[in-house]
Amino acid sequence: MRKLLNTLYITSPSSYLTREGENIIVKAEDRDPLRMPIHILESIVTVGYAGASPSLMQLCAERGVSLSFLQENGQFMASVHGKTTGNVLLRRKQYRLADGERAAIYAKRFIFAKIANSRTVLNRAIRDHGSNIASDKVNKEADFLKRYLNKVLTVPGLDDIRGIEGEAARRYFSAFNELILADKESFYLRGRNRRPPLDRVNALLSYTYTLLRLEVQSALETVGLDPAAGFLHRDRPGRPSLALDLMEELRAYMADRLVLSLINRKQIHANDFTIKENGAVLLKPDLKKELITAWQKRKREEIRHPFLDEIIPIGLLPYSQALLLARTIRGDLEEYPPFLWK
Amino acid sequence: MMILVTYDVNTTTPEGRRRLRQVAKCCLNYGQRVQNSVFECIVDPLQFKQLKDQLSKEINENTDSLRYYLLGANWKKRVEHVGAKEGYDPEGILIVD
């Protein structure tokens, strides 16, 4: 498996990125410029208004370092890609699959893993905090998820899969509040909402999902797949449908658990958020930094990959799944093995 | 792995001063300048080979010297910093805010 390289996050709006030789240079107001060689980086993420010079973009494109720009609120704006690399035969196979009958087979596996991993989150909570939470409620929803698990494998069409996915997500999020153990007054989830998120938990989830999405998207590009042509998510200009597909199986394990543990360990407080007149809840700059730091730390933790049977850092999960997906599409693997957290 | 590159380039001649600039430039491409002629570089074995090749082309072996210290993957235990200009940790959390 590949080495997990570092990600550079730029959250200061006044900064500007340039290049010198093989170095990226970050210039920010009233500070010495930061300079580092590009080869230690996997990706660069800027949040806010950071600008970048075309020659830095070229360097990133040549070195396969992904460079993404997010809005202040964490919404994705743009990323810079170089020439389309990878194998055209692989991509053509991907497009054929996406249009054909077999798309549903892949979609099923993504959603199966999504439901299974969500259920594991619930079950873990019962196991670890059974006496402190309303385990009846959590148990009930976990049972429902189990039923959906069996169901998703038997239905034929994509629309049925989407239906089951929606139902399962609703069930899962309805139990989510029970898993929050600290400051339940401020941290509760009123169903899943976004654009804008209307409560603190939704704001945290949305931001973390964006971080995850960037990584899944660049992992797909690294292995030569087209992130835009999905199996489950419908095509829409500018939407990275395949990235969203592949994300499904990783959300609960990589993002939801991080958010839960930050709240439960009281690393995040109610006043780390700003609430706008229209009800939108935003993360304050310090909280964003805290979240990114926690995300980066979590990515370094190691797990044994259930299918590859190899110890890898969690941060390589998007890459390893993208790799397995590419192998399946290419025909080297019979069926795509989604990531199932035990 | 982390390697430490240090050098002495004889700068009594204009060519020497040129070599010094070239050596510094080359090291900058691979790592962080922690002191004037001391660089900390995170490299894989291939990158290390490339760095050594490039540097050996730049220097004059009769007057200049290069030293490489291989600190391995657990380099953090082997490096201690005192004083100004601490620098960044290339394997740590990188946030510019």
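Every chain is numbered from 1, with letters handed out A, B, ... down the list of sequences.
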Please check if atom CD in A:E301 has more than 12 non-hydrogen atoms from other residues, nucleotides or ligands closer than 6.0 Å. yes
Does B:R67, at its CZ atom, have more than 12 non-hydrogen atoms belonging to other residues, nucleotides or ligands within less than 6.0 Å? no
Chain B heavy atoms under 4.5 Å from A:T46: which part of the residue, side chain, backbone, both or neither? neither
Taking all non-hydrogen atoms of both residues into account, name the closest pair between A:P37 and B:Y88 and its distance. CD-OH, 3.4 Å
Main-chain N/O of B:V96 paired to A:S15 side chain as donor or acceptor, under 3.5 Å: no
Max heavy-atom pairs within cutoff under 4.5 Å with chain B, candidates A:V47, A:D32, A:L8, goes to A:L8
On a heavy-atom basis, which atom in A:I292 and which in B:I95 lie closest, and how many Å separate them? CG2-CD1, 3.8 Å
A quick test of your reading: do over 12 heavy atoms of other residues, nucleotides or ligands sit less than 6.0 Å from CG of B:D89? yes
Once rounded to the nearest 0.5 Å, what's the spacing between atom CE of A:M36 and atom CD1 of B:I42? 11.5 Å
Between B:L28, B:V43, B:N29, who has the most heavy-atom pairs with chain A when the cutoff is under 4.5 Å? B:N29
Would you say NZ of B:K49 has more than 12 non-hydrogen atoms from neighbouring residues, nucleotides or ligands within 6.0 angstrom? no
Once you round to the nearest 0.5 Å, how far does CD of B:E91 lie from CG of A:L5? 9.5 Å
Donor-acceptor contact present, side-chain A:R300 to main-chain B:G92, <3.5 Å: yes
For the interface with chain B, which of A:K297, A:R31, A:K288, A:E22 has the highest count of heavy-atom pairs at distances below 4.5 Å? A:E22
Interatomic spacing from CG in B:L94 to CG in A:L34 - rounded to 0.5 Å: 7.5 Å
Contacting region of A:L41 [heavy-atom separation from chain B under 4.5 Å]: side chain
Within the side chain of A:N6, is there an N or O that forms a donor-acceptor pair under 3.5 Å with the backbone of B:P90? yes
Test your reading of the model: is there a side-chain donor-acceptor pair from A:H39 to the backbone of B:Q47, 3.5 Å cut-off? no
